[in-house]
Amino acid sequence: MHASSLSRRAVLAGTAAAVALTGVPSLQGRAHAAAPAYRWRNVVQGGTGFVSGVLFHPSVRGLAYARTDIGGAYRWDDSAARWTPLIDHLGWDDWNLLGVEAIAVDPAHPNRLYLALGTYTQAWASNGAVLRSDDRGATWARTDLTVKLGANEDGRGAGERLLVDPRVSDTLWLGTRHDGLLKSTDRGATWAAATGFPGAPSASGQGVTLLVAAGRTLYAGWGDSDGTAANLYRTADGVTWEAVPGQPSGAAAKVPIRAAYDKNTRDLYLTYANAPGPNGQSDGSVHALCTANGKWREVTPVKPGGTTPDGGTDSFGYGGVAVDARRPGTLVVSTNNRWSLVDTVFRSTDGGRSWTSLKDSAVLDVSETPYLKWGGDAAKFGWWIQALALDPYDSRHVVYGTGATLYGTRDLKSWAPQIRGIEEAAAKLLISPPVGEAHLLSGCGDIGVMYHEKLTASPSRGMASNPVFGTATGLAQAAAKPAYVVRTGWGDHGNGAYSNDGGQTWAPFAAQPALAKDAPGPIAVNADGTALLWVFLHWDGTKYPAYRSTDNGASWTEVPSFPKGATPVADPADPTLFYAYDTDTGTLLASTDNALTFTARAAGLPSGDGQFELVAAPGRSGDLWLSVKGNGLYRSTDGGVGFSKVTSSRASYALGFGKAADGADYPALYMVGSTETITAVYRSDDEAKSWVRINDDQHQWGWTGEAIAGDPRVHGRVYLATNGRGIQYGEPV
């Protein structure tokens with residue numbers, strides 16, 4: 001689950017009407033100039049998100065696909081041993097399509113690939129879409145659906161929900177969460193409700209959880225049963241559906257999660273749980289249906305409900321299942337949501353009569369992605385294991401997804417992340433230091449803060465520790481003392497820390513306000529590192545007073561005059577100055593006494609939700625820029641007393657600064673926004689008089705409005721936070 005991803009609903013909220021500030025001049029300028037050629041790459045972190053599905057192609061050696069809950073789909077390049085992203089072309093307006101609900105391949109046509117896209121089913125989210133390709137995802141044709149899909153909702157590790165009919169390759173089936181079963185007879189170009197399917201569409205629940213072919217018969221799992229009614233249906237002719245006789249019932253078989261068919265033995269294996277998962281499962285089972293005679297048998301490796309060594313209950317469900325195409329009766333299944341004893345993958349070579357836990361003999365090597373140690377001494381086998389695949393051309397090549405990576409083995413013993421090319425972080429905070437080893441510090445959802453000594457390798461220190469955070473909420477550097485950095489976030493052993501070596505090592509705040517545990521919001525540090533200002537903001541939007549510290553967090557005092565929930569900004573040149581933008585009232589406030597008190601300066605600015613961004617130009621006192629989304633960009637050169645509208649920007653969602661161009665005396669500006677109609681990534685070398693677009697139509701990455709930062713040491717280099725495709729960095733070719 002990506003905690004930051006839910007904030008995307010703010011994109012759909014209306015922005016305030018444009019404001020004309022009486023007596024304040026506009027900054028006129030050309031909207032755009034000739035675009036330079038840029039090369040875009042991921043800053044390597046290594047996975048960092050939930051891999052919800054993996055699919056080896058049954059007819060092509062070395063070809064596989066992976067899907068993620070918010071970060072797109074990938075194709076495995078066996079010769080390069082890395083994954084290639086397939087839907088980075090989806091742009092700002094299509095951010096909801098970066099979540100991949102399901103993948104389908106056509107065994108008879110190896111170049112054909114299908115994706116069902118849609119991240120959320122809530123009213124504020126857009127409808128889903130189906131992409132179809134004839135060249136393994138290099139190019140796409142698209143059909144927009146009239147229904148919503150939920151790749152980042154409960155049940156996202158189930159499936160696959162998309163299937164090519166084994167009898168007619170032009171026929172596709174798509175299981176939805178709330179709109180029943182859909183069918184296409186023209187390779188996904190058009191869709192209609194499948195007639196005769198017994199599952200009743202529901203505004204809540206899971207709907208169709210899986211589709212699988214067993215020979216020429218199709219099976220569909222149904223996630224809305226109460227545990228007593230049928231939850232598995234089949235059709236032999238594509239028209240008439242029936243409940244499968246003799247199917248298992250009860251809490252342990254309430255929701256069908258995944259299925260795999262052994263064509264050699266004609267056994268259909270299914271995993272079940274008492275909830276759709278990946279979280280919330282506490283019971284489950286595994287069953288096999290002999291499709292030749294209709295007989296069922298339970299093949300559950302270990303039944304949930306036992307006692308753990310600490311006296312707790314060993315609760316979990318079952319998730320992934322895959323069969324060996326080369327060895328009849330050989331299969332693997334995974335547990336899911338097994339926190340105390342840790343999830344595992346079980347393997348059987350006799351059709352499920354006996355099992356071996358592969359975790360028990362596993363040797364994990366996470367040297368390529370050290371963050372998987374989560375601040376500890378060793379990595380664990382995994383959690384949220386619902387994506388599980390077995391190479392049809394190599395019986396010892398097994399891969400499984402977790403909430404943070406994709407592990408693979410070639411000998412059933414030695415496991416390592418098979419993740420190169422997959423980057424799924426929901427990035428939130430970026431700093432590019434002016435000096436030091438690292439050109440980038442980042443704060444992300446789920447994986448906290450990282451110190452990037454290289455851009456091409458996962459940080460060797462892993463996640464920042466002492467303490468370890470899940471999601472980072474604040475990251476700030478003292479402008480005149482860049483070795484001093486502070487961070488805040490969601491953690492079990494403290495919610496704030498400071499560093500005196502640029503973010504390499506950390507010490508926790510000796511104390512913290514009581515609010516910090518449940519509402520650790522953003523933080524700012526003044527230019528010389530002597531004053532901290534910490535804002536408290538709950539994930540549900542509740543705003544609290546800010547607190548100030550002048551002793552590295554050993555003590556804190558409330559700042560009543562600071563606007564609740566505002567993001568604090570420190571002046572980069574004057575250590576006595578702080579700023580805040582009150583989005584509720586459209587007012588700029590300032591402090592001239594090290595954040596002791598704040599008073600209003602400019603009023604009448606655009607107001608609205610908290611996505612507005614106030615940034616200070618480096619090295620200059622009182623030079624403030626305000627991004628107000630659809631209302632564009634404003635600038636103040638007098639510490640917020642007056643603001644001018646920057647007319648070259650029609651919309652501005654994120655703004656950052658980098659090294660000035662040769663001959664220029666002002667830092668380069670980088671903006672996620674628009675100058676005319678296209679929301680894209682722009683650079684200006686002339687104080688926003690003109691802009692050039694620096695990304696292109698193939699590099700858009702959905703939602704990119706969280707943060708952007710130029711490199712103060714390399715002109716033209718820019719770091720971009722995305723919501724699901726990690727951190728992108730671009731450089732002029």
Side-chain angles (χ1 to χ4, degrees), residues 36 38-46 48 368-371 420 423 425 427-444 447-464 472 474-487 498-506 525 527 529 572 615-619 654-662 664 666-672 681-685 694-695 699 701 704 706-722 725-733:
Y38 256 68
R39 179 185 182 186
W40 290 92
R41 289 171 285 182
N42 264 114
V43 173
V44 175
Q45 292 171 284
T48 72
E368 189 170 324
T369 51
Y371 80 91
R420 292 180 187 175
E423 297 291 346
K428 301 167 65 65
L429 306 161
L430 302 174
I431 292 176
S432 185
V435 295
E437 175 190 31
H439 279 250
L440 181 67
L441 305 178
S442 68
C444 296
I447 57 169
V449 168
M450 288 187 176
Y451 176 95
H452 302 265
E453 69 269 71
K454 295 181 180 179
L455 302 179
T456 55
S458 187
S460 62
R461 295 170 178 82
M463 298 166 55
L475 182 63
Q477 185 174 47
K481 187 183 177 183
Y484 189 79
V485 188
V486 290
R487 63 183 173 94
Y498 67 95
S499 171
N500 283 312
D501 55 15
Q504 298 179 63
T505 61
W506 298 88
V525 57
V615 293
L655 193 75
F657 299 89
K659 184 179 180 181
D662 290 343
Y666 196 83
L669 285 93
Y670 297 91
M671 179 180 71
V672 176
V681 185
Y682 294 89
R683 190 187 83 214
S684 174
D685 291 328
I694 58 175
N695 71 326
H699 298 88
W701 318 286
T704 53
E706 203 73 49
I708 190 169
D711 194 308
R713 290 177 270 178
V714 182
H715 175 254
R717 182 189 289 173
V718 61
Y719 307 97
L720 178 67
T722 76
R725 279 289 288 118
I727 304 165
Q728 303 287 335
Y729 75 103
E731 297 179 294
V733 173

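Numbers for residues simply follow the sequence, beginning at 1.
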Tell me, please, which residues at least two apart from R717 pass salt bridge (Lys or Arg N to Asp or Glu O under 4.0 Å). D711, E731
Would you say that Q45 contacts T369 through its side chain, given a criterion of any heavy-atom pair below 4.5 Å between the two side chains? no
E368 and S458 have their tightest heavy-atom pair at O-CB, 3.2 Å
Nearest heavy atoms of M463 and I447, plus distance in Å: CG-O, 3.4 Å
Quick one: pull up OG1 in T456 and CG in N42 and give me the separation to the nearest 0.5 Å. 12.0 Å
Looking just at side-chain N and O atoms, do Y451 and E437 make a donor-acceptor pair shorter than 3.5 Å? yes
Residue list, ring pair (Phe, Tyr, Trp, His ring centres under 6.0 Å) with Y38, at least two apart or on another chain: W40
Spacing of CG belonging to L475 relative to CE belonging to M450, to within rounding of 0.5 Å: 13.0 Å
Heavy atoms only: give me the nearest A427-G726 pair and the separation to one decimal. CB-O, 4.1 Å
Heavy-atom pair of closest approach, residues R713 and G436: NH1-O, 2.7 Å
Flag the pair V44 / H452 as yes when at least one side-chain heavy-atom distance between them is below 4.5 Å, and no otherwise. no
Rounded to the nearest 0.5 angstrom, the OG-OH distance for S499 and Y484 is 9.5 Å
Separation between OG1 of T722 and CD1 of I708, rounded to the nearest 0.5 Å: 12.0 Å
Roughly how far apart are L429 CG and E706 CD, rounded to 0.5 Å? 7.5 Å
So do the side chains of V449 and S442 get within less than 4.5 Å of each other, counting heavy atoms only? no
Where do V485 and G503 come nearest, in terms of heavy atoms and distance? CG2-N, 4.1 Å
Side chain to side chain contact (heavy atoms under 4.5 Å, CB included) test vs R683 passes for just one of L669, I694, V718, namely I694
Under the salt bridge (Lys or Arg N to Asp or Glu O under 4.0 Å) test, residues paired with E453 that sit two or more places apart: R461
